[in-house]
Amino acid sequence: MPDLRAPRGMHDLLPEDEALWRFVRDTAERVARLFDYRLISTPIVEDSHVFLRTVGDESDIVSKEMYLFDDRGGDHLALRPEGTAAVARAYLEHGMASRPQPVRLCYFGPMFRYDRPQAGRYRQLWQFGVECIGDASPSADVEVIELQRTLYEELGLGDLKLRINSIGTAETRRRYVEALRSHLEPHVATLSRDSQRRFETNVLRILDSKEDAEHPALQSVPSILDYLDEGDEAHFTEVRALLDTLHVTYEVDPRIVRGLDYYARTVWEFEPAGAGGQSTVGAGGRYDGLIELLGGPHTPGVGFATGIERIMLNLKDRPTAVEAPRVDLYVAPLGEAVNGAAMHAARRARAAGFAVRAGFPGRGMRAHFRAAESANARFIAIVGENEATRDVVQLKPLDVTDAEQREVAFDHLAEALR
RNA sequence: GUGGGCGUCGCCUAGCGGUUAAGGCGCCAGGUUGUGGCCCUGGAGACCGAGGGUUCAAAUCCCUCCGCCCACCCCA
């Protein structure tokens, strides 16, 4: 057992996982393009205030999960725990408010949260996310949900369940939190310790406690939907109407509250049918107050983020057609003396766009064939003394049994590989 | 942060007080002195997670630590 390992909760992505990973990434970028969302890459590190100001002091992300450090110049930096605040910062910094609104952006990259790892939860996690900034209409919410739904469908995860809710504006939540507090107050003593703590810090969080889910006080809890104001109500109604028109199936779940403070109005989650554990594959919401928290003008926005590892987790349970990578040609030099000639042959093939695995001298014929086999090569080119002096190779197809082998000059190698 | 399970070659697993620590996959080589996939033979590869203790004897029992996994919390 080596004494140096990858940091806790962080993982190496091995070549054999690459194909599936690339499939997910390519699909995400392709679907984003279908909706005209453009890729933006922000630094992995931000001024810590980008998150401290926006995410919410009571959130676990800020209170215990951030990787914080000071650099040599004394700047307070954070490894980004999520993408939205960083994208919003870039929107502001680059004056994107003066572009045609809304601005449609997407990102793909690693996020960092110092948390105890478990199934589907990592300290370095990859997210794909989408942000539609600068438009307050329900159409924007639905466009983002539709993009996310399309993505899952294209990935083969079309059976994920969508649950949506509206948590109103900050004012709505103030009134609701008050009602929630007075509803729960008489029962505090009988709630779990965690919920008792949350009663003081963040009452909304009690709603998604697994421990107290069966508690009578929670069964009879008031619904936030009854506290929406007229504008919230109209917005949510329109979102649902549009989803219905598109035949998107969803379930309204008044228990959904997002972990981050900047959310407003529409919030949603996608999870597998047999939910449990760290099951949420992707979640999103509207964040009309976020850019103000960063010191900008009031700017509406809506987006989602989805966890790549969680997508992979769900993908691994089902048959996916991801073809194994293969090589066009394996070049087998028989001895040191012909190594240069073999390298020339390889260069010719590569120049024509063929993938070539170079065998190195010092191995026997059988070893070369086995290596070519394991590279899943279409052809093997044998270069011995006899061939090297005449600039030719013995070329043999490997896919068929008892294939005919023929002599091919370097000059004709590319066409022979076609 | 809390609770539970587990750590034996690169991977999977056997062994559960006395074995040169076993097998499969993979890797390397030979059988075929320049021709693959199958088969056969051989080889390399493990201070049995670390440290301490019990014992004539510890991979096996006990303690501590570390790591991984799972659940809670929280979240993607």
Side-chain angles (χ1 to χ4, degrees), chain A residues 1-9 11 14 16 55 58-65 81-84 109-129 148 160 192-195 197-198 201-202 205-206 208-213 256-260 268-271 276-285 303-314 330 332-335 338 359 362-377 379-387 393-405:
Chain A
M1 207 53 63
D3 60 340
L4 290 174
R5 309 161 142 258
R8 182 155 206 217
H11 301 279
L14 301 177
E16 50 268 37
V55 173
E58 301 302 338
S59 74
D60 278 31
I61 288 182
V62 164
S63 58
K64 59 185 194 196
E65 293 176 7
E82 58 109 20
T84 302
M111 307 296 161
F112 301 83
R113 294 181 195 175
Y114 187 87
D115 200 351
R116 189 116 168 223
Q118 68 180 78
R121 193 173 72 191
Y122 307 98
R123 288 186 174 179
Q124 176 177 328
L125 57 124
W126 288 71
Q127 288 188 337
F128 170 72
Q148 190 175 10
L160 292 181
S192 65
R193 274 187 53 207
D194 280 320
S195 290
R197 177 178 50 78
R198 283 179 294 209
T201 59
N202 194 345
R205 292 251 66 91
I206 297 179
D208 48 20
S209 164
K210 282 170 195 162
E211 231 176 316
D212 289 321
I256 301 178
V257 290
R258 304 267 67 228
L260 313 182
W268 67 88
E269 296 181 355
F270 278 89
E271 44 171 44
Q278 309 300 311
S279 55
T280 303
V281 176
F304 77 80
T306 188
I308 306 304
E309 289 87 351
R310 289 191 185 176
I311 286 175
M312 306 269 272
L313 211 57
N314 282 276
Y330 180 95
L334 298 175
V338 301
R363 319 185 83 188
M365 185 64 100
R366 155 181 274 174
H368 278 306
F369 267 88
R370 285 188 174 155
E373 197 66 41
S374 78
N376 196 215
F379 290 91
I380 185 169
I382 299 149
V383 183
E385 301 274 356
N386 183 23
E387 289 79 14
V393 300
Q394 301 298 331
L395 189 70
K396 185 176 185 180
L398 290 169
D399 285 337
V400 271
T401 330
D402 302 325
E404 278 301 305
Q405 172 174 315

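Below, chains carry the letters A, B, ... as their sequence lines are ordered, and counting in each starts from 1. Keep in mind it's a predicted model, so treat the numbers as computed, not measured.
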**Fill in**
Between CD of Glu16(A) and C1' of G10(B) the distance, given in whole Å, is 11 Å

**Asked** How close or far is atom P of G36(B) from atom CD of Glu373(A), stated in whole angstroms?
**Response** 10 Å

**Asked** So what does Arg8(A) hit on the nucleic acid, given a heavy-atom distance under 4.0 Å: a base, only sugar-phosphate, or nothing?
**Response** sugar-phosphate

**Fill in**
Looking only at A71(B), C75(B), U35(B), the nucleotide nearest the Thr280(A) side chain is C75(B)

**Request:** Please state the P separation for the pair C47(B) and U41(B) - nearest whole angstrom.
**Result:** 28 Å

**Request:** To the nearest Å, give me how far apart CZ (Arg116(A)) and C1' (U2(B)) are.
**Result:** 8 Å

**Complete:** Under the rule of Watson-Crick or G-U wobble with both distances under 3.5 Å, where | means paired to another strand and [ ] a crossing pair, RNA chain B maps to ((((((((.[[[[.)..(...]]]].(((((.......))))).....[[[[[..)....]]]]])))))))....

**ring pair (Phe, Tyr, Trp, His ring centres under 6.0 Å) involving Tyr330(A) - partner list, sequence neighbours excluded** = His368(A)

**Message:** I'd like the P distance from U20(B) over to A59(B), given in whole Å.
**Reply:** 12 Å

**Message:** Does Leu334(A) form a side chain to side chain contact (heavy atoms under 4.5 Å, CB included) with Met365(A)? I'd like the steps, not just the answer.
**Reply:** CA-CA 7 Å; Leu334(A) 298 175; Met365(A) 185 64 100; 3.6 Å; yes

**Complete:** Of Glu385(A) and Phe270(A), the one whose nearest nucleotide on RNA chain B sits closer to the 5' end is Glu385(A)

**Prompt:** Can you tell which of C70(B), G36(B), A76(B) lies closest to the side chain of Leu398(A)?
**Reply:** G36(B)

**Prompt:** Roughly how many Å is it from CZ in Arg205(A) to P in C72(B), rounded to a whole number?
**Reply:** 14 Å

**Prompt:** Reading nucleotides 24-32 of chain B 5' to 3', which nucleotides get B (base under 4.0 Å from a protein heavy atom), which S (sugar-phosphate only), which -?
**Reply:** ----SSBBB

**Gln394(A): side-chain hydrogen bond (donor to acceptor under 3.5 Å, both in side chains) partners, not counting sequence neighbours** = Glu387(A), Glu407(A)

**Prompt:** In whole angstroms, how far is the P atom of U35(B) from the CD1 atom of Ile380(A)?
**Reply:** 12 Å

**Prompt:** What's the closest nucleotide to the Arg113(A) side chain, out of A76(B), A71(B), G36(B)?
**Reply:** A76(B)

**Asked** Closer than 4.0 Å, any side-chain N/O of Gln118(A) to the OP1 or OP2 of C70(B)?
**Response** no

**Asked** What is the distance from NE2 of His368(A) to C1' of G36(B), rounded to the nearest Å?
**Response** 13 Å

Show each protein N/O and nucleotides 42-45 of chain B N/O combination with a separation under 3.5 Å, one pair to a line.
none

**Prompt:** Which distance, rounded to the nearest 0.5 Å, do you find between the CD of Gln148(A) and the CG of Leu160(A)?
**Reply:** 9.0 Å

**Asked** Roughly how many Å is it from CD in Gln127(A) to P in C75(B), rounded to a whole number?
**Response** 13 Å

**Request:** Return yes if some donor-acceptor pair links the side-chain N/O of Arg310(A) with the main-chain N/O of Gly282(A) below 3.5 Å, else return no.
**Result:** no

**Request:** Using a 4.0 Å heavy-atom cut-off across all strands, classify Val400(A) as base, sugar-phosphate, or nothing.
**Result:** base

**Message:** Base, sugar-phosphate or nothing for Gln148(A)? Non-hydrogen atoms, less than 4.0 Å.
**Reply:** nothing

**Message:** Given 3.5 Å as the limit, does a donor-acceptor pair link the side chain of Arg123(A) with the main chain of Asp115(A), or not?
**Reply:** yes

**Message:** Between G42(B) and G52(B), how far apart are the two P atoms, rounded to whole Å?
**Reply:** 39 Å

**N or O in side chain of Gln394(A) less than 4.0 angstrom from U35(B) OP1/OP2** = no

**Fill in**
Rounding to 0.5 Å, atoms CE (Met111(A)) and CG (Leu125(A)) come to a distance of 7.5 Å

**Request:** Please name all residues satisfying side-chain contact (heavy atoms from CB on, under 4.5 Å) with Arg116(A), sequence neighbours left out, ordered by chain then number.
**Result:** Arg8(A), Arg121(A)

**Message:** Taking Val281(A)'s backbone N and O only, do any of them form a donor-acceptor pair with Thr306(A)'s side chain (distance below 3.5 Å, no angle check)?
**Reply:** yes

**Asked** Mapping Gly307(A) and Glu387(A) to their closest nucleotides on RNA chain B, which lands nearer the 5' end?
**Response** Glu387(A)

**Complete:** So CG of Asp399(A) and CG of Asn376(A): to nearest 0.5 Å the spacing works out to 7.5 Å

**Request:** Tell me, please, which residues at least two apart from Glu269(A) pass salt bridge (charged side-chain N to carboxylate O under 4.0 Å, His left out).
**Result:** Arg163(A), Arg258(A)

**Nucleotide C75(B), atom P - distance to CD of Glu269(A) in whole Å** = 9 Å

**Asked** What residues, two or more places apart in sequence or in another chain, satisfy ring pair (Phe, Tyr, Trp, His ring centres under 6.0 Å) together with Phe128(A)?
**Response** none

**Spatial distance of atom CZ (Phe270(A)) from atom OG1 (Thr280(A)) [nearest 0.5 Å]** = 11.5 Å

**Whole-angstrom distance between G67(B) and C48(B), as gauged at atom C1'** = 16 Å

**Request:** Remember a base hit wins even if backbone is also touched, and classify Tyr122(A) as base, sugar-phosphate or nothing at under 4.0 Å, heavy atoms.
**Result:** base

**Request:** Determine the Euclidean distance between corresponding C1' atoms of G24(B) and G15(B); express it in Å to zero decimal places.
**Result:** 15 Å

**Message:** Using the P atom as the point on both nucleotides, what is the distance between C39(B) and C25(B), in whole Å?
**Reply:** 9 Å

**Request:** Check every strand shown and say whether Ala283(A) touches a base, only sugar-phosphate, or nothing at a heavy-atom separation below 4.0 Å.
**Result:** sugar-phosphate

**Item:** Separation between the P atoms of A50(B) and C11(B), rounded to whole Å
**Value:** 15 Å

**Prompt:** With a 3.5 Å cut-off and just heavy-atom distances, do the side chain of Arg310(A) and the base of C75(B) make a donor-acceptor pair?
**Reply:** yes

**Message:** So Gln405(A), base contact, sugar-phosphate only, or nothing? Heavy-atom distance under 4.0 Å.
**Reply:** base

**Request:** Rounded to whole angstrom, note down the P distance from G49(B) over to G3(B).
**Result:** 25 Å

**Message:** Heavy-atom count check: over 12 atoms from other residues, nucleotides or ligands less than 6.0 Å from Glu404(A) CD?
**Reply:** no

